[in-house]
Amino acid sequence: MSDALNPVQQDAVRCTDGPLLILSGAGSGKTRVITHRIAHLVREKGVSTSRIMALTFTNKAAGEMKERVEKLLGGAMRSMWIGTFHAISARILRREGHWIGYERDFIIYDTSDQLTVIREAMSNLMISEDRCPPKSARSRISHAKNGYVDPEAFLSSGSGPFAEDVAKIYRAYQQIMRARNAMDFDDLLVNVVALFQQHAGVLKTYQDRFRYLLVDEYQDTNHLQYMLTKLLAARHRNLCVVGDDDQSIYQWRGADITNILNFERDYPEAEVIRLEQNYRSTQTILKAAAAVVKHNRTRKEKKLWTENDAGKPISVLQGVDERDEARRVLAAIERERTEGHRGFGDFALLYRTNAQSRALEDELRNAGIPYVIVGGLRFYERREIKDVLAYLKLVANPRDALSLRRIVNVPKRGIGDATMLKVQDFAVEKEIGLYDALGRAEEIVGLSGAMTKHLKTFHQHIEAFREQKTNLSVDQLAQEIVAGVGYIEDLQKDRSDENQTRVENVRELLSAMEEFVERSEDASLEAFLSEVSLFTDIDTWDEERDAVTLMTLHSAKGLEFPVVFITGLEDGLFPIIRADGESDLEEERRLFYVGITRARQRLYLCYALQRRRWGSLGYGAEPSRFLREIPKELLEYETPRLDEDASFRSRSGRTPYPPRRHSARGKKQAVAPAGEEDQTASGDSVRYVPLEDGTFPFDVDSWVIHPSFGRGQVVEKSGLGTSTRLVVRFGDGRKKRLMAKYAHLEAG
DNA sequence: ATACCCTTCATTTTT
DNA sequence: TGAAGGGTAT
């Protein structure tokens, strides 16, 4: 990219006052313009950074923006509010939520937490899950919120099947969330809009403070975000929105493309600037992108151009099935690597659905190629991470019954479901929270003395953490908790690979917290919890790593790679057609457009003639109609090589690469079990003598025979009498935990 | 309490 | 297909 801004970019930078719509084509240097614009405001116009707010969709975009502005201005931009809509809303609500009945320490529920609450609401209402699937309730509630529709309005609008049920669930759900001082993602936006609408004074403070407002990816704003933007900008009207209607790919989530299409109607005095020079891709790639998106009707006409070379044709790869497709991708990667002198980090493999990553992943792993998967299984959604966070959440907010339930018996404290039911009954009877009920465990009838003690101990433990909360930083507090409850030790009791990974993840979390404390001005527990709740996988994606990147087309938005493979280009998959036959072809096409324009030099379009979808159901597929929308002269079909070599490889799973270890986040490595050789040597024979009380005489190191596992050696023994438990290592190296009284062991 | 078997779900995309 | 969660036998 050239150093100086081009004339249009300069216009966009200098046009600071009044509403401005920047239509920025893919690869047109959008981020550069935004950051220079902010720097211009500060340096040339003397605007204080504290008066600028920039809203983005992802933390990554926000972080990048902040970093680049800091670089331009040479200093930390503490006072400037750059963040995602959700993060900024959370920040405002931490300060002002009390106006609308939330406490400062409200917690943010993720989508699985949401589901739990919905189930709870449904069971209270006696609505069966067959009648109204919780997930569909969730999505309809979310839609309602995105349209700023409350339960009552939802009911009167009476839309869709079971509208009454959903309205009831919606209301009950909100009641539960309120009682727990909790908000879901949508609530963050709903509440900040409600706050501003109901409290003019509060709104005025923010309107006055933020004289310059900037919104990135405006084409993806939903109605709530639109309202929020409008409210904030109403006073100064210095609102700059940046976007590209051709890259609107979140309508399914409530994004309203008319926000960008109607900007000029909302702000008649708005300037419009079009960034149309592309600095990223070859002419060939741009031509293909333009030809595709031209098929859409609802869009603003624009003409992207570039001074770059024509570049190579776009390659089309055909596989017989998804494995074959994957192998062809790998072959192309290898060719690019040797001929094009590229590193693994230059490649991106994009797909429509996360499930498609498997075949690619399998082949990459076989070949020993390092790769990173973005999305899919998220760090903060892992069990161990959620456990630790649940402790923190409970410490932050004892009303968070969800977190309480999650960890009350983790690690095991002998507090089971039956006990918690009694606690719950007591809590309901006394009209107190679950947590407070634990503190009064001695009053609960029907609990054994030991159980009461367990509950009290747990309560005291948490109380102690709550006291420490004020003197300790978040990371120290987390360390105290992890150590205090023996979380890691508990994991290490079972030394499986899986648990080892879990321990590492917990440590990773702890170090992430240290980092958080170092870099944040507000290092409070609440701020940390807010941040992690709003974190996604793409945010941690490390572009420096020399590894092939795998991700969905959606995740790829905003990124670029020298070489891009778009896989699974089959009708029905991409464009996707759902089970009900519904498909938004224009949005799918925009998604394809986004994918194409991620590529700088080389683009590969791949499909398979047959693909397994949900297992055995293989379906024959037509190549995607989108392929036909690209002019033939831009394409180069790779001769399908369906020779015996390919089929041989398909069976043996061999590839030209030697297997090598690599780490792919979130995927457990296929590690061969620690091979213990056959134990054929006869050890000391222990006579099988069943004792009167049913105990068994086996000790550590003695040999036993199990009716189904065969012969093995006792490596651990715990418990006494009838509850004797043994860990036995059998012939194939597998260790089994056995309850001696059930195992039918014989001496051997 | 654990281990295994069964069912179900996911397969659209995410803050 | 395979992961994950529930239920049941041990």
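Computed from heavy atoms alone, side chains included, the values below leave out hydrogens, waters and symmetry copies. Note on naming: letters A, B, ... go to the chains in the order of the sequence lines (proteins, then strands), and numbering restarts at 1 for each one. These numbers come from a predicted model, not from an experiment.
Of all nucleotides listed (dT12(B), dT11(B), dT14(B)), dT11(B) comes nearest to the side chain of A355(A). Distances from the side chain of K135(A) to the nucleotides dT12(B), dA10(B), dT14(B) place dA10(B) closest.
Shortest non-hydrogen contact noted between R590(A) and S248(A) is NE-O, 2.6 Å.
Computed from coordinates, the I577(A) CD1 to dT13(B) P distance equals 17 Å when rounded to whole Å. Atom-to-atom, OH of Y109(A) to C1' of dT14(B) comes out at 21 Å; the value is rounded to the nearest Å. Between M551(A) atom CE and dT14(B) atom P there is a gap of 11 Å when expressed in whole angstrom units. Rounded to a whole Å, the OH atom of Y351(A) is 9 Å from the P atom of dT14(B). In this structure, D186(A) atom CG and dT14(B) atom P are separated by 16 Å, rounded to whole Å. Summarising the geometry, the separation between CZ on F592(A) and P on dT13(B) is reported as 19 Å, rounded to the nearest angstrom. Rounded to whole Å, the distance from CG on N222(A) to C1' on dT14(B) is 12 Å. Remark: C1' of dT14(B) and CD of Q247(A) are 17 Å apart, rounded to the nearest angstrom.
Legend: residues meeting side-chain contact (heavy atoms from CB on, under 4.5 Å) with T258(A), ordered by chain and number and at least two apart, are D256(A), N262(A).
Separating the C1' atom of dT13(B) from that of dA4(C) is a span of 22 Å, rounded to the nearest Å. Between dG5(C) and dT12(B), the two C1' atoms lie 24 Å apart (nearest whole Å).
Residue ring and base: W252(A) does not count as stacked with dT12(B) (centre distance below 5.5 Å and interplanar angle below 30° not both satisfied).
In this structure, a donor-acceptor pair under 3.5 Å is present between the side chains of Q174(A) and K145(A).
In this structure, F57(A) reaches the sugar-phosphate backbone alone: every heavy-atom distance under 4.0 Å involves primed, P, OP1 or OP2 atoms, never a base. Counting non-hydrogen atoms under 4.0 angstrom, F85(A) reaches nothing in the nucleic acid.
At the phosphate of dT14(B), OP1 or OP2 sits under 4.0 Å from a side-chain N or O atom of S555(A). Dashed line: the shortest gap from a side-chain N or O of K557(A) to OP1 or OP2 of dT13(B) is not under 4.0 Å. For N354(A) and dT13(B), the shortest distance from a side-chain N or O to OP1 or OP2 is below 4.0 Å.
Residues E588(A) and Y593(A) fail the side-chain proximity criterion, which asks for heavy atoms closer than 4.5 Å.
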If you apply the rule side-chain hydrogen bond (donor to acceptor under 3.5 Å, both in side chains), what do you find for N259(A) with Y218(A), and how did you get there?
CA-CA 7 Å; N259(A) 291 346; Y218(A) 195 64; 5.3 Å; no
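Nearer the 5' end of DNA chain B, as judged by each residue's closest nucleotide, is the contact made by R352(A), out of R352(A) and F185(A).
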